[in-house]
Amino acid sequence: MTPAVDPEDFAQIRDQVRQWVRDRVVPREREIADADAIPDDLRRQAKDMGLFGFAIPQEWGGLGLDLTQDVELAMELGYTSLAVRSMFGTNNGIAGQVLVGFGTDEQKAQWLERIAAGEIVASFALTEPGAGSNPAGLRTRAVRDGDEWVIDGEKCFITNAQSADLFVTFARTRPADDRGQGIAVFLIPADSPGLAVAPHDEKMGQQGAWTSNVAFTGVRVPASALVGGDEDTGYRAAMTSLARGRVHIAGLAVGAAQRALDESLRHAAVATQGGVPIGDFQLVQAHLADMQTGVMAGRALARDAAAKWVSGEDRRIAPSAAKLYCTEMVGDVADRAVQIHGGAGYMRETPVERIYRDVRLLRLYEGTSEIQRLIIGGGLVRQATKELGPPR
């Protein structure tokens, strides 16, 4: 399948993003963390570079990167504060892809160009208290009332809720039955009466990436707000969008791991114990070797999963395997980075301290590691059963 952006043009895009990340964003990581906010000038620069729509098709004003290219960009964005990626992550990923993959032509025309331009921030409103990694447990309700839908429920941990103009919201229209899961997805403007966004959460890491609870109390939307015009689109849209997003998160984890490794190498080369660079110590070298091996394996796995997604070969097991390995790997790499830095690694001014806290979330969102193991294991058993036939 030929990508919309040819390799030469993409190389220029990737190099521009790499330079922006390392020259403009990295020097301001502490500022972002201390203010718990992305500076306005960095937000404008991201818009001007097209980063709010890099994965939106070109026909709707985006850059039109496919997932193999998306992953390469994620590796660059993961090199710095993960909050920077979050400000446009929902537009390109879990929220925007619902519209790209499942929206009607009218819905795409109404929203996608403004999403791609960064004029609209879209949030993915799926997670609820008691219904996180498994959307089948949704309790938010949508009831048809004439030509409108009335939505009631509460969502939690919703990224970009404070700045969102549009909530891509999942709600149950009926109990699951032989027709499907009964989960629909609606396009709800942020200024809809009855929609309330709580103050943003105080988190362990990823300062500058805001999440909040969102309440829907008798929120009314027209029938045209039902994505795809189908009450059973929601579950499939959520699963597809999340699976694609898992490959992106895998790339993001590789980028963060590479940064932790690079910081550790610099420290090992200049820090001394007893007048000897600590990089000369074999146990430090062993840590670095394991970190390098993890980064290389994660990069290869993320690229392989992205290629399988684009070709259609595997859009279920490979994304989960990539997310599981890469997010667990970056946690290990970040831990080793702190260990190599010693006491300095525990200090707020040291980049690896922030990385250590930031990457912990990667094992939780868009499906926990435990959910990924269930997807992989269950999928493998189903494949084997299909090939071998039922037990005799």
Can you tell if the side chain of [X] reaches within under 4.5 Å of the side chain of [Y], non-hydrogen atoms only?
X	Y	answer
Leu252	Leu82	yes
Asp335	Tyr356	yes
Met291	Ser264	yes
Asp152	Phe216	no
Pro193	Thr217	no
Trp309	Val71	no
Leu63	Phe10	no
Arg336	Val352	no

Between CD1 on residue Ile94 and OG1 on residue Thr240, distance to nearest 0.5 Å:
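Rounded to the nearest 0.5 Å, the CD1-OG1 separation comes to 13.5 Å.
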Working to the nearest 0.5 angstrom, can you tell me the gap between Arg266 CZ and His341 NE2?
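Here the rounded value is 8.5 Å.
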What are the two closest non-hydrogen atoms of Gly331 and Arg363, and how far apart are they?
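The answer is CA-NH2, 4.4 Å.
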Donor-acceptor pair, side chain of Arg114 and main chain of Gln110, under 3.5 angstrom:
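A pair under 3.5 Å: yes.
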Lys323 side chain to Leu362 backbone, donor-acceptor under 3.5 Å
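Indeed, once roles are kept as given, a pair shorter than 3.5 Å links the two residues.
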Inspect the contact between [Y] and [X] and indicate whether a charged nitrogen and a carboxylate oxygen are less than 4.0 angstrom apart.
X	Y	answer
Arg236	Asp232	no
Glu263	Arg354	no
Arg348	Glu353	yes

Going by atom type alone, with no hydrogens or angles, which donor-acceptor pairs under 3.5 Å involve a side-chain atom of residues 96-105 and a protein atom two or more places apart or on another chain?
| residue | atom | partner | partner atom | Å |
| --- | --- | --- | --- | --- |
| Gln97 | NE2 | Ala55 | O | 3.3 |
| Gln97 | NE2 | Asn92 | O | 2.8 |
| Thr104 | OG1 | Gln107 | N | 3.1 |
| Thr104 | OG1 | Gln107 | OE1 | 3.4 |

Could I get the full list of side-chain hydrogen bond (donor to acceptor under 3.5 Å, both in side chains) partners for Gln258, not counting sequence neighbours?
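For Gln258 the side-chain hydrogen bond (donor to acceptor under 3.5 Å, both in side chains) partners, ignoring immediate neighbours, are Asp262, Arg299.
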Crowding at CZ, Phe157 (>12 non-hydrogen neighbours, <6.0 Å):
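Atom CZ in Phe157 is not packed in, count stays at 12 or less.
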Show your working on side chain to side chain donor-acceptor pair (under 3.5 Å) between Gln207 and Arg357 and close with a plain yes or no.
CA-CA 10 Å; Gln207 277 70 38; Arg357 289 181 293 105; 3.3 Å; yes
Each residue besides Ile376 in its hydrophobic cluster should be listed here, by chain and number; the cluster joins Ile, Leu, Val, Met, Phe, Trp and Tyr at side-chain heavy-atom distances under 4.5 Å.
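Cluster partners of Ile376: Ile317, Leu324, Leu380.
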Could you tell me if Ser369 and Glu328 have a donor-acceptor pair between their side chains, going purely by distance under 3.5 Å?
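Side chains of Glu328 and Ser369: pair found under 3.5 Å.
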Any residue meeting salt bridge (Lys or Arg N to Asp or Glu O under 4.0 Å) with Arg382, in chain and number order, not counting sequence neighbours:
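Partners of Arg382 under the salt bridge (Lys or Arg N to Asp or Glu O under 4.0 Å) test: none.
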Stacked cation flag Arg22 on Tyr79, 6.0 angstrom / 45 deg
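Relative to the ring axis of Tyr79, which defines the angle, Arg22 lies inside both limits.
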When the ring planes of His248 and Phe54 are compared, do they come out parallel, tilted or perpendicular, using 30° and 60° as the limits?
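The arrangement is parallel - the two ring planes meet at less than 30°.
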Does anything in residues 38-57 form a salt bridge (Lys or Arg N to Asp or Glu O under 4.0 Å)? List the pairs, not counting sequence neighbours.
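Sorted result for residues 38-57: Arg28-Asp41.
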Expected list for residues 160-168: side-chain donor-acceptor pairs under 3.5 angstrom, two or more places apart:
| residue | atom | partner | partner atom | Å |
| --- | --- | --- | --- | --- |
| Asn160 | ND2 | Ser86 | O | 2.9 |
| Asn160 | ND2 | Thr90 | OG1 | 3.0 |
| Gln162 | NE2 | Ala198 | O | 2.6 |
| Ser163 | OG | Asn160 | O | 3.3 |
| Asp165 | OD2 | Val121 | N | 2.8 |

Could you tell me whether Phe124 and Phe170 have their ring centroids closer than 6.0 angstrom?
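Yes, the ring of Phe124 comes within the 6.0 Å limit of the ring of Phe170, centre to centre.
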